[in-house]
Amino acid sequence: MAEPRVVTVYIDFKSPYAYLAKDLAYELERDFPVRLDWRPYDLDLADFMGSARVDDSGRVLEAQRTPHQWRRVKYSYMDCRRQARKRGLTIRGTQKIWDSRLAFYGMLYAKRQGAPVLRRYLDIVFERFWKRELDIEAPAVIAAVLAEAGADVAGFAAYAAADGRSEVASICREAEEKGVFGVPSFIVDGELFWGREHLPDIRELLGAPALERAS
């Protein structure tokens, strides 16, 4: 039997757009003979949207954003919540710009232990983070999520302190060499697609006969 085609998926847990794309990406494996290769990509949100910190009520405590950036941020969350409601998902605006790296180390550690563990890890982290129920910067929290997902966590601390750091940095560099600049991003047969709105194009590409793809 031929090896399934690979669809590379770049995500960042602090992106609500990546969260909205996750389950739609799962459907590619359900509907086509493909394997999803989940990879981290660390977004520099402060560079794109400025930075801010708010309290539980939404009151701004500190901010470095232009009026244009505030309008963009407010619209982005409004749009994501609108799409999330259609699917029964919860997206609450974050109170600061989070550092995703530790959660990425957990992601790659889960990936080493098999697709079911990785999928459960992705589901838990995304859902709870966007409900404001998960601190993705806390090592004990990420270790607990790994254990809940079915991973053997005995080696996680050592992995996060060494190999995890270098692997995430390498994957992000490689992504940028391929043209990745945001998430979710998909690479199919060397072709880059940014955003879940391109999933219909990806499905069309995956469903095309081999001769048509080669032309």
Side-chain angles (χ1 to χ4, degrees), residues 4 6-32 34-43 45 80 83-84 87-92 94-172 174-175 180 182-187 195-196 199 202:
V6 175
V7 176
T8 303
V9 188
Y10 289 97
I11 59 168
D12 189 338
F13 294 109
K14 61 181 178 280
S15 165
Y17 293 104
Y19 181 26
L20 291 172
K22 173 179 64 70
D23 290 345
L24 301 178
Y26 288 158
E27 293 175 1
L28 297 177
E29 283 188 317
R30 181 196 68 191
D31 297 338
F32 300 96
V34 301
R35 177 177 63 84
L36 300 180
D37 181 11
W38 295 91
R39 299 186 185 185
Y41 181 71
D42 194 9
L43 290 175
L45 288 181
C80 287
Q83 299 304 316
R87 293 161 50 191
L89 303 176
T90 298
I91 290 179
R92 300 183 65 194
T94 59
Q95 294 173 281
K96 66 173 187 175
I97 292 181
W98 291 80
D99 185 338
S100 307
R101 288 174 295 178
L102 182 65
F104 289 158
Y105 307 153
M107 174 183 169
L108 294 182
Y109 189 83
K111 186 176 180 180
R112 290 181 168 200
Q113 301 199 25
V117 174
L118 174 60
R119 181 164 177 159
R120 181 63 178 145
Y121 177 85
L122 296 176
D123 289 345
I124 294 171
V125 174
F126 266 123
E127 179 180 3
R128 294 181 190 169
F129 176 74
W130 285 103
K131 288 181 176 179
R132 292 191 191 167
E133 296 174 354
L134 191 74
D135 182 348
I136 60 172
E137 296 175 355
V141 171
I142 295 300
V145 171
L146 282 166
E148 186 177 348
D152 177 355
V153 299
F156 174 63
Y159 172 79
D163 290 352
R165 293 174 183 269
S166 60
E167 286 182 23
V168 167
S170 176
I171 289 170
C172 290
E174 180 185 79
V180 173
V183 298
S185 283
F186 306 83
I187 295 181
R196 74 186 190 284
L199 281 163
I202 293 171

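The figures here come from the full heavy-atom set of this structure, side chains too, leaving out hydrogens, waters and symmetry mates.
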Worksheet item: Within a strict 4.5 Å, meaning less than it, do heavy atoms of the L122 and I11 side chains meet?
Response: yes
Worksheet item: Hey, does the side chain of R87 reach the backbone of L20 with a donor-acceptor pair shorter than 3.5 angstrom?
Response: yes
Worksheet item: Taking 4.0 angstrom as the limit, do K14 and D42 come out as a salt bridge?
Response: yes
Worksheet entry | D163 vs R112 side-chain heavy atoms within contact, under 4.5 Å | yes
Worksheet entry | Atom pair OG/CZ of S15 and F126 - distance to nearest 0.5 Å | 7.0 Å
Worksheet entry | Nearest atoms (heavy-atom pairs only) where L36 meets A25 | CD1-O, 3.2 Å
Discussion item. Looking at every heavy atom in both Y41 and A175, which two are closest together, and how far apart are they?
Written reply: CD1-CB, 3.9 Å
Item to complete: For L28 and V9, run side chain to side chain contact (heavy atoms under 4.5 Å, CB included): C-alpha distance rounded to whole Å, both residues' side-chain angles, the deciding distance at 0.1 Å, then the answer.
Response: CA-CA 11 Å; L28 297 177; V9 188; over 6 Å; no
Discussion item. As an exercise, state the distance from CG of L199 to CZ of F186, rounded to the nearest 0.5 Å.
Written reply: 4.0 Å
Discussion item. Restricting to non-hydrogen atoms, name the atom on G106 and the atom on I142 that form the minimum distance, rounded to 0.1 Å.
Written reply: CA-CG2, 4.1 Å
Worksheet item: What's the shortest heavy-atom distance between Q113 and D152, and which atoms?
Response: OE1-N, 2.8 Å
Practice prompt. With rounding to the nearest 0.5 Å, note down the distance linking CD1 in I136 to CZ in F129.
Written response: 4.0 Å
Discussion item. Walk me through whether K111 and E167 qualify under side chain to side chain contact (heavy atoms under 4.5 Å, CB included).
Written reply: CA-CA 12 Å; K111 186 176 180 180; E167 286 182 23; over 6 Å; no
Practice prompt. Can you see which heavy atom on M107 is nearest to which on P40, and at what distance?
Written response: CE-N, 3.7 Å
Practice prompt. Nearest 0.5 Å please: distance from the CG atom of L102 over to the CZ atom of R165.
Written response: 8.5 Å
Discussion item. On a heavy-atom basis, which atom in R120 and which in A149 lie closest, and how many Å separate them?
Written reply: CG-CA, 3.6 Å
Practice prompt. Please check if the side chain of E137 supplies one atom and the backbone of D99 the other of a donor-acceptor pair under 3.5 Å.
Written response: yes
Discussion item. So does A103 get a backbone contact from the side chain of Y121, meaning a donor-acceptor N/O pair under 3.5 Å?
Written reply: yes
Fill in: Side chain proximity check, L89 to Q83, heavy atoms < 4.5 angstrom
no
Fill in: Worked check of side-chain hydrogen bond (donor to acceptor under 3.5 Å, both in side chains) between T90 and K131
CA-CA 6 Å; T90 298; K131 288 181 176 179; 5.1 Å; no
Discussion item. Could you go through E127 and L134, starting from their C-alpha distance and side-chain angles, then the distance that decides it, and tell me whether this counts as side chain to side chain contact (heavy atoms under 4.5 Å, CB included)?
Written reply: CA-CA 9 Å; E127 179 180 3; L134 191 74; over 6 Å; no
Practice prompt. Classify the angle between the aromatic ring planes of W38 and Y26 as parallel (below 30°), tilted (30 to 60°) or perpendicular (above 60°).
Written response: perpendicular
Fill in: Within-4.5 Å side-chain heavy-atom neighbours: D123 and K22
yes
Worksheet item: Rounded to the nearest 0.5 Å, how far does CZ of F13 lie from CZ of F104?
Response: 6.5 Å
Fill in: Candidate pair R39 and I187, rule side chain to side chain contact (heavy atoms under 4.5 Å, CB included), full reasoning
CA-CA 11 Å; R39 299 186 185 185; I187 295 181; over 6 Å; no
Worksheet entry | Spacing of OH belonging to Y105 relative to CG belonging to L146, to within rounding of 0.5 Å | 14.0 Å
Practice prompt. I would like to know whether Y159 and Y109 meet ring pair (Phe, Tyr, Trp, His ring centres under 6.0 Å); could you show each step before the answer?
Written response: CA-CA 8 Å; Y159 172 79; Y109 189 83; 5.6 Å; yes
